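Input: a single structure, listed below in structure tokens.
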Amino acid sequence: MLRALATARRAAALAAVVLTAAALPAQQFPTKPPAPLPVTAAQMPPFQSVTLANGLRVLVVPNAKLPVLSMTLAFQAGSVHDPAGKEGLAEMVAGLLSKGAGSREADAVAAAIEGVGGTFAATSGTDFMTATVSVLSENAALGFELLADAVVRPKFADKEIELNRTQALSALRLARSQPAQIASEAFARELYGQHPYGRHASQESVKGLTRADVVGYHARMLRPGGALLVLAGDITLAKARTVATAAFAGWTGTAPAAPAPVAMPERTATEIVLVHRPGSVQSNVIVGNRTWLPADPRNFGAVLANHVLGGGSDSRLFMTLREKKGWTYGAYSSLTRQRQGGYFSATAEVRTEVTDSSVAELLSQVRRLRTEPITAAEFDAAKGALVGRFPLQVETAAQVASQVASSRLHGLAADYVQTYRQKMSAVTPAAAQDAAKAAMRPDAALIVVVGDGTKLYDKLAAIAPVRLVNTDGAAMKPADLAAKSAALDLALDRLAPRTDSFTVFVQGNPFGFQRSRLERAGNGWKSIEDTQLGPIVQQHTEVSFDASATMQSILQTGKVQGIDTRIEVSYAGGRAKGSAATPQPPGGVKTIPVDADMPAGALDDNAIQPLLSAFRWAAGAKFSFTVFQSGKGTAIPATLTVTGDESVTVPAGTFAAWKVDLTGGEQTTSFWVEKAAPYRVVKIAVAGAPIEVRLAK
Amino acid sequence: MMFPTFRRLVVAGALWSSAAAAQSSRIAVDRTVLPNGLTLQLVEDHSTQVVSVSLWYDVGSRDEVPGKTGFAHLFEHMMFQGSAHIAKAEHGQLVERAGGSLNANTQYDITRYYNVVPSNRVNLALWLEAERMRSLAVTDENLKNQVAAVKEERRLRVDNAPYGKAIWEAPLAMFDAKSCFAYAHSMIGSMDDLAASSVADVKAFFDRYYAPNNAVLTVVGDIKPAEVKRLVGEYFGGIARQPAPPKVTCEQRFSTGAQRTTVKDDKATLPAVILMYRVPATSHADTPALDLLGTILGSGEASRLNKVLAREAKLALGTQILLNPFGPRRGPGQFFAFAIANQGVTPDSLEKRLAAEIDAVVRSGVTPEELTRAKNQFRASKVNERQQTFAMGEAIQNATFFLGSPDAVNTDLDRYGKITVDDIKRVAATYLIPANSLVVTVLPEAK
């Protein structure tokens with residue numbers, strides 16, 4: 001009985017809601033997507049701020065809806081404050097802040113934050129350094145403690161400094177092998193000249209950093225005066241003041257003002273800076289110019305116009321250079337904000353043959369944006385994406401803190417974050433075009449091209465005056481392009497049929513094997529290599545070359561994380577032809593046709609190891625040559641340099657060996673080659689990776 | 001000491017705890033049912049200008065019958081192939097041009113579609129979902145395309161991925177195909193069944209399951225409820241109700257005797273062991289304890305399996321705990337303890353050590369510190385989930401389908417908070433025992 005009653009009551013309740021819904025008028029289904037509804041004002045509360053006695057500005061974005069708290073402590077301290085010759089210092093300081101402070105070593109810091117389900121990170125950019133902790137607000141005390149320890153009492157342990165340096169040097173080596181990185185460094189250098197924005201970290205500057213530099217930078221720059229602590233989430237201003245005062249008590253001082261502005265080069269005509277990268281089969285192009293200070297009101301219009309030009313995958317640059325012409329996988333443009341002056345840039349990576357056409361097209365698209373009205377469809381799509389996407393970027397306390405900190409540090413309007421959408425919505429097509437005219441200057445542009453100067457110089461000179469430099473930025477004369485690198489002089493009589501077995505160690509544990517066999521094939525040679533790395537990589541490689549080490553073919557089959565890979569390339573008549581199917585992060589396989597110039601004397605990347613015994617090693621010896629990366633279908637310059645004379649113990653025994661560094665690829669690889677016959681490779685190590693290959697028998 | 005000690009801060013921390021407890025917000029769900037049976041759940045929350053439009057259909061692999069497997073997953077593909085007023089792939093393009101994002105996912109019990117958009121484009125997301133519910137293009141061409149796409153997906157995930165067969169197919173043996181076909185067949189389906197499917201079959205499946213009365217539309221975020229109700233009425237109101245789909249049952253059976261199987265895997269290069277245990281439905285009171293135990297055993301650097309098997313004994317390259325890897329369940333679920341052997345380690349010695357770690361929990365339980373740490377991680381993840389409109393919408397859908405009421409999102413923390421070390425030991429002793437297990441050994445096999 002009771003049960004029946006309960007059911008009846010539930011049925012009645014259901015009937016009520018059904019009736020409500022039924023009362024809605026039946027309407028015709030619209031056959032077109034509905035137009036946007038009006039944009040509502042942001043609900044973000046007004047920010048509250050207080051400046052502590054020590055000068056630390058605390059900005060609170062209260063939101064008690066959830067018990068979360070994100071704290072971002074930001075300093076006017078970025079790479080712009082690196083002393084000349086100490087480039088990379090700010091980045092190292094930031095990297096060390098979370099690696100031990102107060103009473104905790106690095107692992108204790110990690111355990112403490114992991115144990116409460118929080119996160120902690122510190123980073124440095126051009127103008128600013130930020131340390132961010134996100135925790136449940138009940139763990140605010142721990143969060144404040146970790147943050148205060150990190151910025152006030154960092155340990156800067158020698159062990160952590162060396163680890164950080166090793167990682168930084170690996171990253172730099174990787175960057176030097178990437179033409180996109182070489183291009184952006186050259187672009188900054190040419191755009192900003194002697195201004196710190198024009199400098200970048202180098203192997204030398206990072207190697208030269210000392211603990212005293214780190215401690216000194218920290219003591220000088222990470223001061224409360226001028227710093228900004230943004231607290232977003234479950235906290236009130238009163239509580240923020242009390243806790244921050246306690247956490248940061250005893251911390252005093254003000255960081256020095258930004259370095260006196262250094263004049264930046266003024267450009268009145270378009271100029272091309274050609275960075276000669278011998279053997280490069282692709283070119284990286286950047287077209288751009290300096291713009292304005294961060295708070296410039298024209299920024300909204302310029303961002304919108306930029307989206308039409310190259311902000312997305314249905315923008316003009318992408319649709320033209322990729323979809324219509326097929327010159328590149330992607331072409332984009334952007335506006336970068338910097339405290340002392342930002343810049344506009346449009347970039348593309350294109351084949352050597354179409355480099356000049358691509359430069360002309362990039363310039364022409366920028367000109368078109370300035371002269372032709374933007375179509376209504378393009379304007380609406382760009383505005384829709386920009387206005388629409390913003391709220392999705394300020395959902396969490398951590399996202400809010402980061403956006404607010406960034407806008408304040410750039411000196412933007414106090415209500416910048418709250419009013420962004422309204423301001424972007426209010427941009428008119430005319431305002432966007434006016435802003436584009438001011439922000440993009442195709443007739444006073446800097447164009448950086450990284451590529452093979454021998455093939456590009458004359459063609460680019462037809463577009464604008466060309467200045468030639470090498471990849472280190474040193475001036476070159478066009479005549480230098482004619483000079484050829486000496487052909488490799490190999491002692492090929494040292495090659496002999498042989499099989500070597502290696503064990504692959506990862507972090508000191510055996511993780512796989514490599515077996516290398518060199519056998520006669522007619523008058524020439526065939527090198528066969530099998531590699532297995534844990535469950536991750538299985539690979540079989542066969543490279544053939546003739547008696548004078550001229551490449552003939554490469555066949556490589558394998559599985560990387562279960563995905564089949566295959567590279568098959570033939571070398572003949574100065575061309576490399578075939579195909580390469582290689583895994584792509586985060587998954588899947590990309591198959592590319594290989595059809596490229598094969599420079600005379602170039603080695604397939606898989607032929608280097610079998611040929612190492614034929615180099616005439618000696619203390620300080622250095623061999624420059626061209627490597628054809630058959631998996632990418634591109635030729636790159638490479639160098640083998642003897643950097644040591646060492647006694648090496650591996651499972652197969654102890655050997656006197658030359659340490660030889662191979663540079664030019666993505667990572668530096670070191671080989672240890674026996675000093676005496678049979679000149680075997682006895683050990684291989686990859687810089688920055690915990691992998692070693694040691695001769696087993 | 002030059003600098004202040006922590007003592008003052010600890011006091012501040014104590015103040016905080018009470019404030020946080022008082023501030024855990026309750027989510028109020030406004031639930032209505034349209035005359036055509038569509039359930040509409042609204043949560044009005046103006047903290048951000050974002051809206052999540054999530055449409056879950058009450059259909060999954062569970063609803064498939066012998067000879068027609070793989071349909072639920074096939075449909076997830078079909079739903080992006082266009083409809084009366086929308087071309088193939090246009091749904092995604094329109095959402096992205098609005099600044100939003102979208103995706104879909106098939107599970108054993110449900111199929112979900114979601115769109116996250118700025119609040120002034122909630123109408124677009126609703127219209128797009130209504131458009132495909134009312135006029136999906138079920139054509140022979142689309143069907144053939146998508147059957148081919150599913151075959152490719154099977155190749156990628158099952159046939160060509162190391163340990164793919166062990167994860168996707170071996171566990172099916174834990175369930176009896178007679179008493180529980182729902183969970184005893186593969187989600188991706190039989191390729192023969194898919195190849196034999198006709199447009200008429202697919203159309204019938206669509207009409208039966210992709211009906212308004214078989215779906216829950218949950219809209220969360222910066223909305224005006226009256227406006228959303230009006231739009232939902234306008235867009236979805238004219239879609240006809242269909243007869244209710246048949247109910248599916250699965251008998252839950254535990255401790256039916258130890259099972260063991262070996263999978264030869266030509267994609268794997270190292271042996272692996274997976275201890276698989278039957279656990280109860282997601283709604284069962286033991287689920288929170290099993291979930292927390294999974295964290296203690298398998299989550300993070302400091303977890304037991306990582307410490308013991310990977311770092312100390314160096315037997316495992318990696319370890320992982322998976323509780324219901326194919327999504328929550330209204331029927332019996334699965335708890336996997338997975339370890340990949342290091343080079344030179346036999347599967348036998350790995351299995352012994354892995355089983356010993358599980359047995360240690362059965363015999364001695366876990367420490368209060370371990371439990372606290374796991375609860376902290378759970379609580380932080382739940383709170384962070386609520387910071388994002390999308391995650392909040394999906395949590396409400398989960399609660400609706402698997403915990404009996406959308407309101408269960410408000411009791412997650414209580415359910416987990418009250419778990420004791422005794423509960424952990426008890427659930428381990430109940431479910432994580434050999435008689436209730438399937439041991440899967442993966443042996444690499446040269447091709």
Side-chain angles (χ1 to χ4, degrees), chain A residues 17-18 20-22 24 26-27 29-34 36-40 42-43 63-68 111 114-118 136-138 140-141 144-145 152-153 234 243 246-247 249-250 381 384-385 387-389 391-392 395-397 509-512 532 534-535 538 561-563, chain B residues 2-4 6 8-10 12-13 16-17 20 23-25 32-35 46-50 85 94 97-100 116 118-121 123-124 127 134 160-162 230 233-235 237-238 267-270 300 302 314 317 340 343-344 373 376-377 379-381 383 386-389:
Chain A
V17 296
V18 167
T20 316
L24 295 166
Q27 291 178 49
F29 182 77
T31 56
K32 280 187 181 153
L37 299 165
V39 174
T40 53
Q43 302 298 314
N63 180 358
K65 197 191 79 169
L66 289 170
V68 296
E114 191 184 305
V116 298
L136 294 185
S137 47
E138 67 189 74
F144 271 101
E145 186 185 313
V152 183
R153 294 170 284 275
D234 176 23
V243 183
V387 172
R389 147 197 324 169
L392 278 69
E395 274 209 279
T396 67
N509 294 314
F511 193 64
Q532 168 141 3
Q538 260 180 310
Q561 297 187 325
I563 295 173
Chain B
M2 267 176 71
F3 294 103
F6 315 135
R8 257 181 287 172
L9 294 173
V10 171
W16 234 292
S17 306
Q23 281 162 355
S24 25
S25 52
T32 51
V33 181
L34 266 65
H46 302 289
S47 348
T48 67
Q49 293 172 292
V50 179
H85 310 105
L94 287 170
R97 281 188 180 174
V116 185
S119 40
N120 68 320
R121 303 313 310 274
N123 55 350
L124 174 68
W127 182 83
R134 71 195 300 278
N160 221 357
R230 182 181 61 74
E234 182 184 344
Y235 300 158
K267 298 295 183 265
T269 53
L270 288 171
K314 291 188 163 51
L317 183 70
I340 297 178
Q343 188 87 34
R373 202 181 151 81
N376 285 346
Q377 291 180 20
R379 213 146 38 90
S381 75
V383 174
R386 290 193 191 181
Q387 286 199 70
Q388 286 175 300
T389 316

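All values reported here derive from a predicted model rather than from experimental measurement. The chains referred to below are lettered A, B, ... by the order of the sequence lines, with proteins before strands, and numbering in each begins at 1.
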Of all the heavy-atom pairs spanning [X] and [Y], show the shortest one and how long it is.
| X | Y | answer |
| --- | --- | --- |
| B:Val383 | A:Val68 | CG1-CG1, 3.0 Å |
| A:Phe511 | B:Leu317 | CE1-CD1, 3.1 Å |
| A:Asn509 | B:Lys314 | OD1-CE, 3.5 Å |

Point to revise | Parallel, tilted or perpendicular, as decided by the 30° and 60° cut-offs, for the rings of A:Phe29 and B:Tyr235 | key: perpendicular
Practice item. Tell me, please, which residues at least two apart from B:Gln388 pass side chain to side chain donor-acceptor pair (under 3.5 Å). Key: none
Revision key, fill the gap. A:Gln538 meets the side-chain contact (heavy atoms from CB on, under 4.5 Å) criterion, sequence neighbours left out, with A:Gln532, A:Lys559, B:Thr269
Sort [X] into side chain, backbone, both or neither according to what part of it lies under 4.5 angstrom from a heavy atom of chain B.
| X | value |
| --- | --- |
| A:Leu136 | side chain |
| A:Pro510 | backbone |
| A:Pro38 | backbone |

Practice item. Measure the CD-CD distance between B:Gln49 and A:Glu395 for me, rounded to the nearest 0.5 Å. Key: 11.0 Å
Check your understanding: Could you state the interatomic distance from CD (A:Glu114) to CZ (B:Arg373), rounded to the nearest 0.5 Å?
Key -> 5.0 Å
Please classify the contact of [X] with chain A as side chain, backbone, both or neither, using a heavy-atom distance under 4.5 Å.
| X | result |
| --- | --- |
| B:Ala268 | neither |
| B:Arg379 | both |
| B:Leu94 | side chain |

Exercise for review: Please examine the side chains of A:Pro30 and B:Glu234, heavy atoms only from C-beta on, and report whether any two atoms are closer than 4.5 Å.
Suggested key: yes
